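Remember, it's a predicted structure, so these values are computed and weren't measured experimentally.
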Amino acid sequence: MWFKAPESCNCIEPQLPADELLVKYQYISDFFIALAYFSIPLELIYFVKKSAVFPYRWVLVQFGAFIVLCGATHLINLWTFTIHTRTVAMVMTAAKVLTAVVSCITALMLVHIIPDLLSVKTRELFLKNKAAELDREMGLIRTQEETGRHVRMLTHEIRSTLDRHTILKTTLIELGRTLALEECALWMPTRTGLELQLAYTLRQQNPVGYTVPIHLPVINQVFSSNRAVKISPNCPVARLRPHTGKYMPGEVVAVRVPLLNLSNFQIYDWPEVSTRSYALMVLMLPSDSARQWHVHELELVEVVADQVAVALSHAAILEESMRARNMLMEQNVALDLARREAETAIHARNDFLAVMNHEMRTPMHAIIALSSLLQETELTAEQRLMVETILKSSNLLATLINDVLDLSQLEDGSLQLETTTFSLHAVFREVLSLIKPVASVKKLSLTLHLASDLPAYAVGDDKRLMQTILNVVGNAVKFSKEGSISISAVVAKPDSFKDARIPEFHPVPSDSHFYLRVQVKDSGSGINPQDIPKLFTKFAQSQAVTTKGPAGSGLGLAICRRFVNLMEGHIWIESEGIGKGCTVTFIVRLGIPDRSNESKLAFAPKVLGNHVTTNFGGLKVLVMDDNGVNRSVTKGLLLHLGCDVTTAGSSEECLRIISPEHRMVFMDVCTGLDGYELAIRIQEKFKKRQDRPLIVALTGNTNKVTKENCMRVGMDGLILKPVSVDKMRGVLSELLEHRVLFEAI
Amino acid sequence: MDVLQLQRKLREHQAAMIREGFLDDQFSQLQKLQDESSPDFVIEVVKMFFDDSENLLNNMTRALGQVPVDFKQVDAHVHQYKGSSASVGAARVKNVCATFRNFCEAQNLEGCVRCLQQLQHEYSLLKNNLQYLFRLQEEIQAAGGSIPTIE
């Protein structure tokens with residue numbers, strides 16, 4: 001019990017009489033509250049000072065004030081438990097009022113602040129989520145980049161070779177390494193396209209030729225999509241090795257590898273899907289590893305499959321082009337060989353012909369000549385018969401040889417017609433004289449009719465023309481047992497060309513050419529009209545003839561036709577039938593000689609005529625030859641004929657010696673171009689043609705080129721060596737008369 | 001030996017030479033050119049031919065002995081020889097020359113050498129034969145006879 005002071009102290013008594021215990025607890029609690037209230041702001045200040053970022057300092061101050069005042073209130077409350085002075089009470093009241101004010105302000109403040117604080121929290125959460133997402137994406141990108149790196153590396157490996165085998169092997173190895181596979185296999189379609197054959201594996205060295213049919217549903221499934229498809233480890237394509245693991249075999253993925261052909265690529269289009277064939281690549285994860293195929297791994301596999309396709313097609317194209325090139329090279333070599341062989345064959349044939357030409361004819365002529373000589377001697381009848389047979393057979397053989405050689409020359413087109421001016425009448429007369437004996441023996445009458453408008457001279461190949469006419473007339477005589485043979489020669493008129501028999505023949509007459517039409521009619525055994533086309537074929541013999549008549553070589557008409565064709569003409573046979581005789585007609589194109597050509601007549605040494613001087617009375621001639629022997633011989637020859645001969649051993653000497661008194665110069669042109677050069681120089685020396693001597697070439701060269709060259713340099717004549725006395729006599733006569741003489745070569 | 005026998009011998013010898021191919025028609029032509037104005041025409045020409053032959057044969061031997069062989073040069077010589085032999089009617093020599101020229105064209109050294117040997121052989125044969133012929137002619141003339149011509 002407190003001793004109360006008398007009413008003198010200005011104190012305030014607590015309202016309620018305090019219970020001792022309760023008061024004590026209140027006292028203690030108030031004390032602690034005050035303590036806490038004072039320490040909280042201190043803590044706040046301390047930690048805020050520590051952290052740099054705190055946006056609401058003003059709030060803090062307010063809050064601090066509020067708490068401090070609350071604390072103060074509770075502290076002052078401690079004094080009110082006992083009697084306390086009025087001052088204390090006033091302080092208490094002031095404190096409480098202040099606290100109330102501050103608290104209300106704070107409360108009002110918080111209404112603004114708390115939503116802000118809450119939103120900070122939300123943003124923080126949002127940012128954390130974003131960070132997590134970014135992290136995930138980073139992870140993905142990294143994975144993709146790694147995949148890309150693997151693909152690049154794989155592609156590099158695969159594309160660094162053009163060998164198909166290496167490409168495929170490398171693919172499997174690299175894939176196996178990158179993806180840590182247990183097994184990797186490649187199935188290729190077989191040639192038939194109906195099966196897939198195991199071509200390469202990673203682990204097994206030599207895959208045995210497993211095959212699976214191509215139309216399995218699982219395979220179709222893989223082929224129908226360009227993605228890597230997970231397949232069951234138990235399907236045939238995946239069951240490559242005995243199952244060794246204890247648990248599950250690893251997951252298997254299969255992907256198609258397009259095999260592109262060249263034909264798949266069109267320039268502006270992408271390859272079409274329908275024409276492709278595929279190979280199958282099967283990849284197995286290690287068993288018992290619980291690994292799974294990830295998306296990025298599947299993508300890797302797909303990309304690799306495509307790259308492999310491209311690499312394979314490159315390799316295929318290269319292989320193809322190499323093969324084509326090798327084939328071409330081989331073909332080239334073979335062609336070259338064939339060409340060389342052909343050339344050799346042609347050379348051989350030409351050589352053969354050239355040799356046979358000479359070698360066959362010479363003995364033949366010897367035989368014929370000697371047999372005819374033999375005929376002239378005294379023989380018994382038996383011997384005469386034998387000799388006649390020999391003669392006949394050898395003549396036949398000679399004709400045959402000539403025919404064959406001619407025809408082969410005709411066949412390969414190497415035959416060229418000569419062009420000389422000749423007398424038509426002479427040709428026909430000669431034919432007549434040759435045939436007359438045979439005809440009269442067979443008692444056949446022979447008539448020749450030459451049209452009056454036929455030119456006296458013509459330009460063409462007289463030898464071959466004569467051969468043709470002879471052949472035709474000879475046939476007429478051969479195949480006629482009795483009757484008459486008539487030969488007619490006319491100039492063919494343009495309207496007669498519109499013969500139905502010769503539809504393709506369109507001759508063009510002109511001023512310098514005319515068409516000679518020769519017709520030979522006989523009343524002999526005739527020919528079956530059906531056999532007529534065969535007559536002109538080589539070696540064909542008509543059946544009706546061989547029974548009784550003599551056998552022809554079969555070549556005659558073929559050769560005639562060739563000659564006629566070469567002379568731009570046409571030949572045909574008409575017959576009404578067996579026993580009704582037949583008519584052979586041919587038309588050939590001959591040239592009309594103009595005035596200047598007439599002087600260059602073909603020189604036939606036999607036809608000398610009567611106007612040949614035997615002695616040339618001091619005719620001044622010059623002989624140029626660098627060969628001493630030849631010079632002497634020619635000089636002797638000319639001396640013998642009465643000429644006044646000067647000789648020169650070289651071109652220079654010749655030019656020095658030559659004078660207008662010399663009527664002729666004989667020069668040897670065997671040795672190179674000296675002769676031609678000399679001819680030109682001589683012509684230069686003498687301005688007028690009348691003054692200069694005639695320049696005549698002597699040569700042993702039976703070569704058309706030589707003749708052409710002589711004509712080209714303006715020589716007046718050409719004579720072939722060897723020259724006999726008679727020949728030289730004729731030559732001199734001819735030259736003196738016509739001032740030109742080119743011997744036929 | 002009397003003239004007739006000599007003449008017969010000459011005739012036979014000439015016929016034999018023609019038969020064997022040593023001489024051909026050209027030789028007879030040469031003989032035809034022999035007359036009063038040139039009584040030794042044939043002998044002169046033949047002598048010239050012998051000189052020419054020896055020259056040419058030497059040239060050919062030298063040309064073939066060179067290394068490398070100039071076939072064109074050899075061919076030129078052979079051509080000359082062919083011309084001369086043709087002019088006097090030395091048929092066999094001329095033929096060998098023809099073959100020789102082929103070998104020259106083909107640049108076949110072995111063939112050329114063979115031909116050269118053949119040429120020398122033919123030439124010596126011809127020379128002997130002609131010299132015998134001329135000796136017979138001289139003997140006939142010395143004995144007062146005339147030289148029979150070949151037909």
Side-chain angles (χ1 to χ4, degrees), chain A residues 347 351 354-355 358-359 362 366 369-370 605 614-615 618 623-645 647 649-650 666-675 697-703 706 719-729 731, chain B residues 19 21 23-56 59 72-73 75-91 93-95 97-99 101-102 105-106 123 126 130 149:
Chain A
H347 280 311
D351 285 339
V355 165
H358 180 70
E359 300 299 332
T362 317
L370 291 173
T614 43
N615 189 309
V623 172
M624 199 293 281
D625 194 325
D626 57 355
N627 184 315
V629 176
N630 295 350
R631 207 168 49 232
S632 307
V633 172
T634 314
K635 175 176 174 180
L637 196 56
L638 290 164
L639 277 176
H640 184 76
L641 291 169
C643 300
D644 178 1
V645 184
T647 56
S650 68
F666 286 94
M667 62 174 69
D668 175 82
V669 293
C670 285
T671 50
L673 302 162
D674 248 23
L698 280 170
T699 177
N701 250 328
T702 56
N703 190 331
T706 316
I719 307 173
L720 295 175
K721 290 200 279 196
V723 192
S724 67
V725 179
D726 292 327
K727 182 164 168 181
M728 186 55 99
R729 198 178 285 131
V731 164
Chain B
R19 209 176 35 244
L23 296 174
D24 63 16
D25 191 50
Q26 181 65 11
F27 190 70
S28 354
Q29 292 289 331
L30 284 185
Q31 289 188 315
K32 279 199 199 143
L33 299 177
Q34 194 159 280
D35 53 21
E36 298 80 32
S37 52
S38 46
D40 294 321
F41 180 64
V42 179
I43 295 184
E44 278 168 12
V45 172
V46 170
K47 273 223 184 70
M48 215 184 300
F49 174 66
F50 286 158
D51 289 334
D52 207 29
S53 303
E54 255 140 57
N55 239 354
L56 284 172
N59 287 346
K72 281 208 162 43
Q73 175 82 309
D75 187 60
H77 291 316
V78 179
H79 181 66
Q80 280 266 23
Y81 200 21
K82 184 167 168 222
S84 323
S85 50
S87 295
V88 298
V93 173
K94 183 180 72 164
N95 288 341
C97 283
T99 320
R101 285 199 82 190
N102 285 343
E105 230 176 83
Y123 167 65
L126 182 69
L130 281 174
T149 48

Q | Heavy-atom side-chain proximity of L33(B) to L639(A) below 4.5 angstrom | A | no

Q. Is there a side-chain contact between V633(A) and Q29(B) (heavy atoms, below 4.5 Å)?
A. no

Q. Going from NZ on K32(B) to CG on D726(A), what distance comes out if it is rounded to the nearest 0.5 angstrom?
A. 6.0 Å

Q.
Nearest 0.5 Å, please: how far is CG in N630(A) from CG in D52(B)?
A. 8.5 Å

Q) Pick from G83(B), G89(B), S85(B): which one has the most heavy-atom pairs with chain A under 4.5 Å? A) G83(B)

Q. Out of curiosity, S87(B) OG to D625(A) CG, how far, rounded to the nearest 0.5 Å?
A. 7.0 Å

Q: Determine the minimum heavy-atom distance between V629(A) and F49(B), stating which atoms define it.
A: CG2-CA, 3.5 Å

Q. Between G628(A) and M48(B), what is the shortest heavy-atom contact and its length?
A. O-SD, 3.5 Å

Q: Decide if atom CD of E54(B) counts as having more than 12 heavy atoms of other residues, nucleotides or ligands within a radius under 6.0 Å.
A: yes

